[in-house]
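Input: a single structure, listed below in structure tokens.
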Amino acid sequence: MHRGVGPAFLLSRKMAASGGEPQILVQYLVLRKDLTQPPFSWPAGAVVAQACHAATAALHLHRDHPHTAAYLRELERMRKVVLEAPDETTLKLLAETLQQKNIDHKLWMEQPENIPTCIALRPYPKEEVSQYLKKFRLFK
């Protein structure tokens, strides 16, 4: 193994051998923007916590997948992209689409209110999931 090249890089390079470029693993999160606005007006910390819960749950649920294992071996190189969904309906529609397309994810439900707040995908190569996420912009 070359100095400075970790096992996740080598695994992703092996998985992308046919394309010539190493695959970069990214964990995507889609967080409800309306929770930061009236009538909800959740504090920033509460909204960030929803994304943290969803990301942690998705990693745990899919911990045995090779992409997740590779992603977790390189803690200093983790990549996350946080996108925004305008409202609950849009978030639920995305969850349905991901389910239909067999994209591994976790829809986080805030309890005890049972409010859907965030979707976290397990780590994926960007090109495998970007088609489902292209309509969402970065969370601001």
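Not measured: the values here are computed from a predicted model. The analysis underlying the following values was restricted to heavy atoms, covering all of them including side chains, and did not include hydrogens, waters or symmetry mates. By convention here, the first residue in the shown sequence is residue 1.
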Where [X] and [Y] come nearest, the two heavy atoms and their spacing:
{"X": "Glu84", "Y": "Val30", "value": "C-CG1, 4.2 Å"}
{"X": "Leu25", "Y": "Ala70", "value": "CD1-CB, 3.9 Å"}
{"X": "Pro86", "Y": "Asp34", "value": "O-CB, 3.2 Å"}
{"X": "Phe40", "Y": "Leu35", "value": "CB-O, 3.5 Å"}
{"X": "Cys118", "Y": "Ala51", "value": "SG-CA, 3.8 Å"}

Is there a donor-acceptor pair closer than 3.5 Å between any side-chain N or O of Thr68 and the backbone N or O of Asp64?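 Not at all, since once roles are kept as given, no pair shorter than 3.5 Å links the two residues.
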
How about [X] and [Y]: do any of their side-chain heavy atoms sit closer than 4.5 Å?
{"X": "His67", "Y": "Arg122", "result": "yes"}
{"X": "Val26", "Y": "Pro123", "result": "no"}
{"X": "Leu107", "Y": "Leu91", "result": "yes"}
{"X": "Leu138", "Y": "Leu83", "result": "yes"}
{"X": "Val81", "Y": "Leu133", "result": "no"}
{"X": "Leu59", "Y": "Tyr71", "result": "yes"}
{"X": "Phe139", "Y": "Val47", "result": "yes"}

From [X] [atom1] over to [Y] [atom2], what is the distance, rounded to the nearest 0.5 angstrom?
{"X": "Met109", "Y": "Gln50", "atom1": "CE", "atom2": "CD", "result": "11.0 Å"}
{"X": "Lys106", "Y": "Leu29", "atom1": "NZ", "atom2": "CG", "result": "13.5 Å"}
{"X": "Leu121", "Y": "Glu128", "atom1": "CG", "atom2": "CD", "result": "11.0 Å"}
{"X": "Leu98", "Y": "Leu94", "atom1": "CG", "atom2": "CG", "result": "4.0 Å"}
{"X": "His60", "Y": "Leu72", "atom1": "NE2", "atom2": "CG", "result": "12.0 Å"}

For Glu88, give me all partners under salt bridge (charged side-chain N to carboxylate O under 4.0 Å, His left out), at least two apart in sequence or on another chain.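 If we apply the salt bridge (charged side-chain N to carboxylate O under 4.0 Å, His left out) test to Glu88, skipping adjacent residues, the hits are Arg32, Lys92.
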
Could you tell me which residues satisfy salt bridge (charged side-chain N to carboxylate O under 4.0 Å, His left out) with Arg63, sequence neighbours excluded, listed by chain and number?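 For Arg63 there are no salt bridge (charged side-chain N to carboxylate O under 4.0 Å, His left out) partners, ignoring immediate neighbours.
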
Go through the structure and list residues passing side chain to side chain contact (heavy atoms under 4.5 Å, CB included) with Glu113, not counting sequence neighbours.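 With sequence neighbours excluded, Glu113 shows a side chain to side chain contact (heavy atoms under 4.5 Å, CB included) to Glu110, Ile115, given in chain and number order.
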
Ring pair (Phe, Tyr, Trp, His ring centres under 6.0 Å) pairs, two or more places apart, involving residues 98-130: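 Ring pair (Phe, Tyr, Trp, His ring centres under 6.0 Å) check on residues 98-130 returns His53-Trp108.
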
Do any pairs count as a ring pair (Phe, Tyr, Trp, His ring centres under 6.0 Å) and have a residue in residues 75-103, sequence neighbours left out, and if so which ones?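 Non-adjacent pairs meeting ring pair (Phe, Tyr, Trp, His ring centres under 6.0 Å): zero.
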
Hydrophobic clustering (ILVMFWY, side-chain heavy atoms < 4.5 Å, transitive) - are Ile103 and Leu31 grouped together?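 No.
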
Gln99 atom CD, neighbour heavy-atom count above 12 within 6.0 Å: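 Check fails, neighbour count at 12 or below.
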
Which residues pass the side chain to side chain donor-acceptor pair (under 3.5 Å) test with Arg79, not counting sequence neighbours?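 Side chain to side chain donor-acceptor pair (under 3.5 Å) list for Arg79, sorted by chain: empty.
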
